[in-house]
Amino acid sequence: MKKLDKLYIGTNTKMYKTIADTVSFLTELAELTADIDRKLLDLFVIPSFTTLERARASVPRESIKIGAQNLYWEDQGQFTGEVSPLMLKEIGIDIAEIGHSERRHVFGESDLAENKKVLASLKHGFTPLLCVGETLEQKQLGVSNEYLAIQLKVGLNGVTRQEAHNLWVAYEPVWAIGVNGIPATAEYADEKQGVIKSVLNELFGDAGAEIPVLYGGSVNPGNAEELIQKPNIDGLFIGRSAWDAKAFNQIIRKVHPLFMAKKNSDRR
Ligand code: PGA
């Protein structure tokens with residue numbers, strides 16, 4: 001089975017869920033989705049650092065993968081307030097989310113910093129989920145494609161074709177994210193995801209075509225179905241609309257059959 005024949009879907013719970021909230025969310029989500037064959041679904045949750053140990057212990061990784069929202073690139077040192085890959089490895093996380101728009105635009109992270117985090121994640125065996133996306137200003141100036149290419153080429157500098165097999169990318173236009181976000185139309189998202197895929201192909205050849213590219217930014221029950229049917233959208237990375245396990249399960253139930261139908265028609 002090809003890597004992109006399964007649906008990638010997950011949520012970053014940002015700075016919202018406590019340990020107790022996270023454990024009950026994960027337990028409920030695992031139960032609600034237990035009947036869906038994990039060969040056809042890659043389900044992941046990325047909660048706050050303080051919750052990770054309990055989160056990991058509360059559900060098997062075969063059911064729900066667990067990710068960290070950030071990490072530092074050094075193994076140890078005088079870096080007060082940072083969390084090292086070794087500490088995350090000790091917990092047994094699967095995914096390291098890197099370069100979320102809030103990390104870039106609220107905390108001022110650069111593409112060079114994201115690159116160090118990507119390389120550290122690969123070195124320690126985590127799947128880096130590199131988030132890229134243009135700002136509203138860049139969109140209005142007509143330079144979105146250039147910015148996406150820079151974020152990818154700098155963020156993935158030094159990643160080998162071999163390592164590219166363990167990489168995920170999320171396209172999250174900054175203007176589409178969060179309470180004030182305006183969701184991208186499915187057409188717009190698909191077009192930009194196509195741009196991302198062509199840069200990944202330029203960087204990694206055939207291995208680039210195997211990298212899942214997820215869409216995120218105000219995904220909700222009203223637009224998820226249209227988005228997932230687009231050819232360049234391999235999965236969804238959801239915020240607010242996924243933070244209730246029942247609501248998230250409903251989105252998964254809606255999009256999973258549509259995704260499978262898309263894959264079947266590709267094979268025909
Ligand atoms: P949102 O968040 O779905 O609430 O817009 C998306 C994200 O930040 O990844």
Side-chain angles (χ1 to χ4, degrees), residues 7-17 21-22 25-26 29 42-49 51 55 64-71 93-109 114 117-118 121 127-136 138-139 144 147-148 151-152 155 167-186 188-190 192-193 196 212-228 230 232-252 254-255:
L7 173 69
Y8 292 80
I9 193 161
T11 180
N12 153 24
T13 62
K14 306 196 181 183
M15 199 179 74
Y16 283 101
K17 288 190 188 290
D21 296 339
T22 303
F25 173 69
L26 284 166
L29 186 63
D42 213 316
L43 179 60
F44 62 96
V45 172
I46 307 187
S48 298
F49 280 126
T51 75
I64 304 179
K65 289 184 179 159
I66 301 292
Q69 296 178 5
N70 187 18
L71 81 174
I93 63 149
D94 306 293
I95 298 163
E97 180 177 2
I98 295 166
H100 183 273
S101 124
E102 287 145 24
R103 296 304 319 165
R104 293 175 186 269
H105 299 287
V106 182
F107 299 101
E109 290 185 9
E114 312 310 5
K117 295 180 183 196
V118 167
S121 302
T127 296
L129 171 51
L130 178 66
C131 304
V132 297
E134 79 281 9
T135 63
L136 184 60
Q138 289 159 354
K139 178 173 182 264
S144 304
Y147 267 88
L148 291 173
Q151 288 178 324
L152 291 165
L167 181 73
W168 298 357
V169 170
Y171 170 55
E172 299 207 307
V174 179
W175 47 270
I177 293 176
V179 276
N180 299 317
I182 307 148
T185 63
Y188 184 90
D190 190 53
K192 293 296 173 244
Q193 306 239 153
I196 289 170
V213 184
L214 286 64
Y215 171 77
S218 295
V219 175
N220 61 62
N223 65 9
E225 290 162 281
E226 201 187 346
L227 286 162
I228 205 60
K230 293 291 176 195
N232 294 314
I233 299 183
D234 305 315
L236 300 172
F237 191 21
I238 314 177
R240 290 155 293 154
S241 298
W243 294 341
D244 171 81
K246 288 186 188 66
F248 190 17
N249 176 54
Q250 274 169 15
I251 295 180
I252 297 169
K254 276 186 180 182
V255 299

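We're numbering straight along the sequence, starting at 1. All ligand and atom numbering here is 1-based and tracks the order in the structure.
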**Request:** Please state whether Ser241 comes within less than 4.0 angstrom of ligand 1, counting heavy atoms only.
**Result:** no

Task: Pair Tyr8 + Phe44: ring centers closer than 6.0 Å - done: no

**Prompt:** Do the side chain of Arg103 and the main chain of Gln69 share a donor and acceptor less than 3.5 angstrom apart?
**Reply:** no

Practice item. For the residue pair Val219 and Ser241, establish whether any side-chain heavy-atom pair is separated by less than 4.5 Å. Key: no

the protein heavy atom lying closest to atom 3 (O) of ligand 1 turns out to be Gly239 N, 2.9 Å

Residue, atom and distance of the protein heavy atom nearest atom 7 (C) of ligand 1 read His100 NE2, 3.4 Å

When Leu214, Asn12, Ile177 are each screened for side chain to side chain contact (heavy atoms under 4.5 Å, CB included) with Glu172, the one that passes is Ile177

Q) Under 6.0 Å from the six-membered ring centre of Tyr188 and within 45° of its axis: does the NZ or CZ of Lys139 meet both? A) yes

min-distance protein heavy atom vs atom 1 (P) of ligand 1 -> Arg240 NH2, 3.5 Å

Exercise: do Thr11 and Trp243 side chains pair donor with acceptor under 3.5 Å
yes

Within 4.0 Å of some non-hydrogen atom of Lys14, the atoms of ligand 1 are 2 (O), 7 (C), 8 (O)

Ser218 heavy atoms within 4.0 Å reach ligand 1 at atoms 1 (P), 3 (O), 5 (O)

- Verify whether one side chain among Lys117 and Asn70 offers a donor that lies under 3.5 Å from an acceptor in the other. yes

- Message: If you measure every N or O of Gly178 against every N or O of ligand 1, does any of those distances drop under 3.5 Å?
- Response: yes

The closest protein heavy-atom partner of atom 9 (O) of ligand 1 is Glu172 OE2, 2.7 Å

Original post:
So is Glu102 polar-close to ligand 1, meaning N/O to N/O under 3.5 Å?
Top reply: no

